[in-house]
Structures are given as structure tokens and as C-alpha cells.
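First the structure, in the form of C-alpha cells, and then the observations on it.
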Amino acid sequence: MNKPVLRTMAMAFFTILFLIVFLLPACRCADPDPLQDICVANLKASISVNGFPCKPLPEVKSGDFFFHGLRKEGNTTNVFGSNITSGNVLDFPGLNTLGISMSRVDLAPGGLNPPHSHPRASETGVIVKGKVLLGIVTTANVFHSKVLKAGDMFVIPRGLVHFQLNVGKGKAFFLPAFNSQLPGIVVLPITLFASTPPIPDDVLAKAFQVDEKVISGIKSKFGS
Ligand SMILES: *[C@@H]1O[C@H](CO)[C@@H](O)[C@H](O)[C@H]1NC(C)=O
Ligand SMILES: *[C@@H]1O[C@H](CO)[C@@H](O)[C@H](O)[C@H]1NC(C)=O
């Protein structure tokens, strides 16, 4: 092979290598990377950035790296029989800029963490107690589900709609983790039927192919 051909091939090879090494991983990450060791959130800062400004280093205490909020069972006496105790940057400022967070989900017997999605994070986690049916729907509208027991781990790709139902006899709880300090949550029934101000009944009636009375009936269950 002559030199120009070899040079072109070498350039193509390094271009592809560059794309694989640098650009593809960038597409997979959620929150941006930190630029320093520590940036404990100052939640009260008046300036607004993508995340929270750091509190001054001399003010950082050991306590900023620990959070006890997930010890306690959430109160599941509500319409869904479930409770999410969040451990995101708003509850645990030490997570700021690190692109990770956790929470705790308690499910009463028969309790449901209703269909929802997290716009800013993939989710993984482990069932700590009980028996939980976990369901995920892909954007191709394929439903994946499995009954999980204590010790079982799961993963929910970013943005996909999913739910967890307690199918055991007793209480259940699990600890999800997210690749975002603030994953966000869109709970479909709440988003659609309990927004402020409400989505017009005729929009939802058309979307669900039912009478408007059915829509106002559902809305009344959520107090709107
Ligand atoms: C979840 O549990 C906490 C702590 O018991 C309680 O304050 C909160 O109101 C509960 N949330 C719901 C939606 O029931
Ligand atoms: C749980 O919430 C319900 C409804 O708000 C309340 O009546 C009950 O006292 C709460 N239970 C505990 C243990 O706080």
C-alpha cells in the first residue's frame, strides 16, 4: 500500500478510536462530572447554577458526608399504600455535583409505587424486605417484569416508565440508587390528573377514549 492510503487509514482509525473513547461515554453519563473533591451544597445560595453552589470549605463538617434519613419507614397510609423517602441533594447536600443519590421506598401489603419515570437518571437498587413485582415499559412499548425478593437487584434505564407493587403478605421495602443528585420523578397519575392548574377534562377524555365524567371521577380521587 502507498503512503497516502496508509495515512488516510490511520486517520480514520484514530478518528473512530477518538469517537469511541471520548464521545460515547459522554453520552452515557447523567449528571456532569465534579470539578473538585468536595462541593457540599449551599441550598440557601441566592445565585442559581446547574446544581448548587458549594459552601465554603472551612465550613464543611464530617456530618456533611452522612445521612440518616433512610433509617425510618415512611408512612404508607395513603391512596397508593406506598411512601418514598428521598435521599437526594435537597435532603443530603453532600451529594452536590457527585451525580448520585438514593432513596427508600416502603410498600404496605398490596401497596403500589405507581407508574412513574425519572427524567434525569437511570435507577438501580436492591430489595431489602418483602416480595415486589417490578414492571418496566420500554419506548417500543414492551413490558418487562419480574417478582423480586430480598437481596435481588434491579435496573431501570433512564426515563422509562416503571412501577413496584408489593405482592407479598407483609410489608416490603427497597433502596433505589440513581446516577443523578436530583433524578426527578414524574408520577403518571399525579402528572395527568392532579396538576396545578389541571389539564382540561376534554384533553384527557380524548387521550384515554372515555367520557369526561370518567376523567372528573379520577381527578376527584386525587383531590382536584
Ligand atoms: C411518607 O412518610 C412520611 C414520614 O412518615 C410522612 O411525613 C409523609 O407524609 C408520607 N408521605 C405520603 C405521601 O404519605
Ligand atoms: C400515618 O398517616 C396517617 C394519615 O395521614 C395518620 O393517620 C397516622 O397517624 C400516621 N401514622 C404514623 C405512625 O405516623
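In each ligand, atom 1 is the first atom listed, and ligand 1 is the first ligand listed. Just so we're clear, the structure is a prediction, and the values are computed from it rather than from any experiment.
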Closest non-hydrogen protein atom to [atom], residue and atom name please, with distance?
| atom | answer |
| --- | --- |
| atom 13 (C) of ligand 2 | Asn75 ND2, 4.5 Å |
| atom 14 (O) of ligand 1 | Asn78 ND2, 2.8 Å |
| atom 4 (C) of ligand 2 | Thr77 O, 4.0 Å |

Side chains of Asn83 and Thr76, donor plus acceptor under 3.5 Å: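 Distance-only check fails for Asn83 and Thr76.
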Side-chain donor-acceptor pair present, Ser86, Asp91, cut-off under 3.5 Å: yes
Ligand 1 atoms in contact with Asn83 (distance to a heavy atom under 4.0 Å):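 Per the distance check, 1 (C), 2 (O), 3 (C), 8 (C), 10 (C), 11 (N), 12 (C), 14 (O).
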Under 4.0 Å to a heavy atom of Gly74 - the qualifying atoms of ligand 1, by number: 2 (O)
Atom 9 (O) of ligand 1 protein-contacted, heavy-atom criterion under 4.0 angstrom: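 So atom 9 (O) of ligand 1 lacks protein heavy-atom neighbours under 4.0 Å.
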Heavy-atom protein neighbour under 4.0 angstrom from atom 2 (O) of ligand 2: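 Given the 4.0 Å limit, the answer for atom 2 (O) of ligand 2 is yes, a protein heavy atom qualifies.
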Donor-acceptor contact below 3.5 Å, side chain Ser117 vs main chain Pro119: no
Sub-3.5 Å N/O-N/O distance, Ser82 and ligand 1: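 Among all N and O atoms of Ser82, none is under 3.5 Å from an N or O of ligand 1.
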Nearest heavy-atom pair of [X] and [Y]: which atoms, and what distance?
| X | Y | answer |
| --- | --- | --- |
| Pro114 | Pro189 | CB-CG, 3.9 Å |
| Cys39 | Pro53 | SG-C, 4.2 Å |
| Lys219 | Pro198 | NZ-CB, 3.8 Å |

